[in-house]
Amino acid sequence: MTKPAAVLWDMDGTLVDSEHYWLSSEQELAQSVGKIWTEQDGLNMIGMSLYDSSRLIKQKLSLEISTQEIIDQLTNAVVSKLEAALPWRPG
């Protein structure tokens, strides 16, 4: 029996709940350009890929940065929040 070359653990939504970090990071991005991003805007994107959701953010906020830059900014903001406090899911 061969061992797998790698194992991928998707803890977000299973062991850790970072959704509120994503929502607040999206709102912070919008505020940084003088726009409004509502909680409902963020909730509407749950389940989308980062690429699809970042394209939507770019369009809705009329951003002049690339989709990859949006992904990088949001990911860095969320990682920073996770480093400060890890929100474990109940149970």
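Only a predicted model underlies this, so the values are computations on that prediction, with no experimental measurement involved. In what follows, every heavy atom counts, from backbone to side chain, and hydrogens, waters and symmetry copies are set aside.
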Quiz item: Is the CD atom of Gln68 crowded by more than 12 outside heavy atoms at less than 6.0 Å?
Solution: yes
Practice problem: Drop me the distance from Asp17's CG to Met11's CE, to the nearest 0.5 angstrom. | Solution: 12.0 Å
Quiz item: Just by modelled atom types, is the Ser18 backbone N or O under 3.5 Å from a matching donor or acceptor in the Asp12 side chain?
Solution: yes
Quiz prompt | Donor + acceptor pair across side chains of Trp37, Glu26 (<3.5 Å) | solution = yes
Quiz item: Do Gln27 and Ser24 get their side chains close enough for a donor-acceptor pair, meaning under 3.5 Å?
Solution: no
Exercise. Check the hydrophobic clustering (I, L, V, M, F, W, Y; side-chain heavy atoms under 4.5 Å; chains of links allowed) and say if Ile65 and Val78 are grouped together.
Key: yes
Quiz item: Thr75 and Trp22: which non-hydrogen atoms are nearest, and at how many Å?
Solution: OG1-CH2, 3.9 Å
Exercise. With the side chain counted from C-beta on, respond yes when Arg89 and Thr14 share a heavy-atom pair under 4.5 Å apart, and no when they do not.
Key: no
Practice problem: State plainly whether one hydrophobic cluster holds both Ile46 and Met48, where clusters connect Ile, Leu, Val, Met, Phe, Trp and Tyr through side-chain heavy atoms under 4.5 angstrom apart. | Solution: no
Quiz item: Would Val79 and Val16 show up in the same hydrophobic cluster when neighbours are defined by side-chain heavy atoms closer than 4.5 Å?
Solution: no
Quiz item: How close do Leu82 and Pro87 get, heavy atom to heavy atom, and via which atoms?
Solution: CD2-CD, 3.8 Å
Quiz item: Does one hydrophobic cluster hold both Met45 and Leu61, with members joined at side-chain heavy-atom distances below 4.5 Å?
Solution: yes
Exercise. Count the heavy atoms of every other residue, nucleotide or ligand shown that sit under 6.0 Å from CG of Leu43, and state whether that count exceeds 12.
Key: yes
Quiz prompt | Summary of salt bridge (Lys or Arg N to Asp or Glu O under 4.0 Å) pairs that have at least one residue in residues 40-49, sequence neighbours excluded | solution = Asp41-Lys60
Quiz item: Can you tell me how far the OG atom of Ser25 sits from the CG atom of Leu74, to the nearest 0.5 Å?
Solution: 6.5 Å
Quiz item: Within the distance-only criterion (no hydrogens, no angle test), does the side chain of Glu83 pair as donor or acceptor with the backbone N or O of Ser80 below 3.5 angstrom?
Solution: no
Quiz item: With Glu28, which residues qualify under salt bridge (Lys or Arg N to Asp or Glu O under 4.0 Å), at least two apart?
Solution: Lys81
Exercise. Report whether Leu15 and Tyr21 are members of the same hydrophobic cluster (ILVMFWY, side-chain heavy atoms less than 4.5 Å apart, transitive linking).
Key: yes
Quiz prompt | Asn76 side chain to Asp72 backbone, donor-acceptor under 3.5 Å | solution = yes
Quiz item: If you look at every heavy atom in Leu23 and Gly42, which pair is closest and at what distance?
Solution: CD2-CA, 3.3 Å
Quiz item: With sequence neighbours left out, what residues match Arg55 under salt bridge (Lys or Arg N to Asp or Glu O under 4.0 Å)?
Solution: Asp52
Exercise. Look up atom CG in Leu29 and atom CD1 in Ile70, then write down how far apart they are to the nearest 0.5 Å.
Key: 6.5 Å
